[in-house]
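Both backbone and side-chain heavy atoms feed into the values below; hydrogens, waters and symmetry mates do not. Counting starts at 1 for both ligands and their atoms, in listed order.
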Amino acid sequence: MTTTTRLSSTSNRFRLANAREQARLNALTEVASYRLEELLGELGVDLRLRGKMWVGPCPIHGGNNASALTLYPDGHTTRGNWKCRTQGCHQVFHCTLLGFVWGVLSFQNGWRRREDSRCQVAFKEAVWWVCRFLGVKLNEVQADIALAQRKQFVAEMATLGRYPEQLVEGWELEQVRSRLVLPSPYYLARGYSAAILDRYSVGDCRSENPADKFYARTVVPVLDRQGRRVIGATARTHHPECAHCKRWHAADAPCPEGRDDLRRPVYAKWRHTDGLCVEDTLYNWWSAADPIRRQGAVVLVEGPGDVWRLEEAGVRNAVALFGKSLEDPQQVLLESSGALDVVLLLDQDKAGRTGVADIKERLERTFRMRIPEVAAKDVGDMTAEQVRTQVVPLLSRPTKEIPT
Ligand SMILES: [Zn+2]
Ligand SMILES: [Zn+2]
């Protein structure tokens with residue numbers, strides 16, 4: 001995999017090679033997923049089929065929580081999508097079937113924790129293992145691009161204007177940037193600086209087709225931990241919240257009708273690329289991880305806009321939840337961050353207060369929690385100057401310290 005990453009950056013010829021190799025890997029995954037039960041047996045992994053998914057203790061970090069690992073034979077983008085809910089092993093190895101095999105082989109090689117990078121076997125070992133299992137050579141696997149094109153991810157990348165180069169490893173940041181109107185006119189109009197939008201590669205979708213997923217939205221790429229590749233994107237609608245239906249749509253368009261219609265993602269404030277598990281990551285981790293470790297503190301906010309505003313005001317240790325709730329893998333990430341203090345800065349609305357209570361309960365055993373009272377409803381709605389004078393002083397001073 002690392003080879004494809006390196007190859008994919010420059011010329012068209014290499015990009016094509018990369019796309020072809022990705023198609024082969026996808027085809028390999030697809031074929032292997034039809035023999036999943038046999039494959040699990042061959043790997044020596046003990047999972048039980050429960051409804052539509054396989055469940056069991058995680059065979060990658062070797063835990064004993066009997067429902068830590070879930071594996072879905074029928075993923076919506078890639079078959080064999082899996083998740084380790086206690087240690088987040090799928091974040092180290094990819095959440096695809098090949099990633100799963102990679103993880104199990106690494107476990108068998110002595111891998112137990114993220115830090116054990118030396119025990120991690122090479123990704124190509126997993127590819128070879130699956131090829132041996134299926135009795136095929138990688139370059140003989142039918143690279144069924146027609147099949148791949150029916151998949152959702154192609155539709156999404158088509159929205160951004162080109163053929164996808166990635167599935168497993170993330171997209172090239174430069175490629176994604178080249179498909180957007182950058183820096184985002186939408187966020188410039190909301191008072192964010194061109195510099196901050198450029199730093200975070202925030203750009204408006206160019207599509208003029210209302211049927212496109214990201215039409216009339218601003219695309220916010222989510223980077224991997226190194227800040228090099230784009231693992232997915234979340235996109236904010238340009239429409240305001242409708243006063244009648246409380247969903248987001250054009251002012252001159254009719255409100256959605258009926259409960260089902262209301263829930264359609266097209267009316268959501270934010271839409272994610274398919275396959276992006278926002279609950280598995282924290283926005284801005286790539287940039288904030290070092291400052292968090294150095295300062296021993298992390299500022300937890302709701303959305304990317306809050307992160308940018310804080311960053312404009314000189315706060316470098318903020319990460320966003322993509323919402324108002326904290327998920328298990330995000331908690332694991334925080335616990336591994338080296339922070340002792342968590343400053344919780346959710347929006348001051350009703351849902352935000354509910355989120356605060358829940359997050360406080362979950363984190364206060366591990367961290368010193370601070371929950372500053374901020375006058376404005378939402379940090380993202382303040383100017384950078386207001387944040388500097390009204391919020392930043394609250395971050396470094398305990399306002400409501402919870403005794404441990
Ligand atoms: Zn695990
Ligand atoms: Zn409406």
Side-chain angles (χ1 to χ4, degrees), residues 36 39-40 43-48 50 53-73 75 78 80-121 123 125-126 129 168 210 215-217 224-225 231 236-271 277 279-282 285 327-337:
L36 186 58
L39 181 143
L40 295 175
L43 270 178
V45 167
D46 191 17
L47 301 177
R48 299 175 312 282
R50 194 195 286 164
M53 64 182 183
W54 292 86
V55 181
C58 175
I60 292 169
H61 74 267
N64 50 18
N65 176 343
S67 61
L69 187 115
T70 50
L71 189 152
Y72 294 88
T78 338
N81 247 292
W82 62 283
K83 193 182 261 189
C84 161
R85 292 188 302 167
T86 48
Q87 297 274 330
C89 294
H90 57 289
Q91 294 165 337
V92 180
F93 307 97
H94 305 294
C95 55
T96 59
L97 191 54
L98 279 173
F100 180 79
V101 173
W102 185 20
V104 174
L105 295 180
S106 296
F107 175 84
Q108 292 167 356
N109 194 46
W111 189 90
R112 294 297 180 272
R113 285 170 294 114
R114 282 163 208 279
E115 302 79 62
D116 294 342
S117 54
R118 273 177 305 147
C119 299
Q120 207 169 315
V121 302
F123 177 77
E125 297 267 358
W129 189 95
V168 182
Y215 169 77
R217 287 178 182 267
D224 66 7
R225 292 179 183 198
I231 59 168
R236 209 263 188 215
T237 175
H238 293 170
H239 303 307
E241 186 180 10
C242 169
H244 303 291
C245 64
K246 304 288 176 201
R247 301 289 283 159
W248 287 260
H249 61 79
D252 54 358
C255 290
E257 277 175 45
R259 289 182 63 89
D260 279 347
D261 237 344
L262 266 178
R263 282 196 296 266
R264 280 178 58 204
V266 67
Y267 297 116
K269 185 175 181 182
W270 293 89
R271 290 189 82 170
C277 320
E279 63 270 26
D280 288 354
T281 183
L282 291 162
W285 185 260
E327 304 294 334
D328 291 342
Q330 294 174 324
Q331 184 169 350
V332 170
L333 209 51
L334 287 175
E335 283 165 358
S336 70
S337 70

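- No donor-acceptor pair under 3.5 Å is formed between the side chain of Asp224 and the backbone N or O of Ile231.
- Ser106 places a side-chain N or O within donor-acceptor distance of the main-chain N or O of Val121, the cut-off being under 3.5 Å.
- Protein N/O/S atoms closer than 2.8 Å to the Zn ion (ligand 1): Cys58 SG, His61 ND1, Cys84 SG, Cys89 SG.
- Side-chain N or O atoms of Gln87 include none that pairs as donor or acceptor with a backbone N or O of Ala68 at under 3.5 Å.
- Applying the ring-ring contact (aromatic ring centres under 6.0 Å, His included) criterion to Phe93, with sequence neighbours excluded, gives Trp102, Trp111.
- Taking CG of Leu71 as the reference point, atom CG of Leu97 lies at 6.5 Å (rounded to 0.5 Å).
- Residue-and-atom listing of protein N/O/S atoms under 2.8 Å from the Zn ion (ligand 2), sorted by chain and number: Cys242 SG, Cys245 SG, His249 NE2, Cys255 SG.
- No more than 12 heavy atoms of other residues, nucleotides or ligands shown are found within 6.0 angstrom of CG on Asp46.
- Checked by atom type and distance alone, the side chain of Arg217 never pairs as donor or acceptor with a backbone atom of His239 at under 3.5 Å.
- Under the ring-ring contact (aromatic ring centres under 6.0 Å, His included) criterion, His61 pairs with no residue at all, not counting sequence neighbours.
- Side chain of Arg271 to main chain of Thr237: no donor-acceptor pair is present (N/O by atom type, distance under 3.5 Å, no hydrogens or angles).
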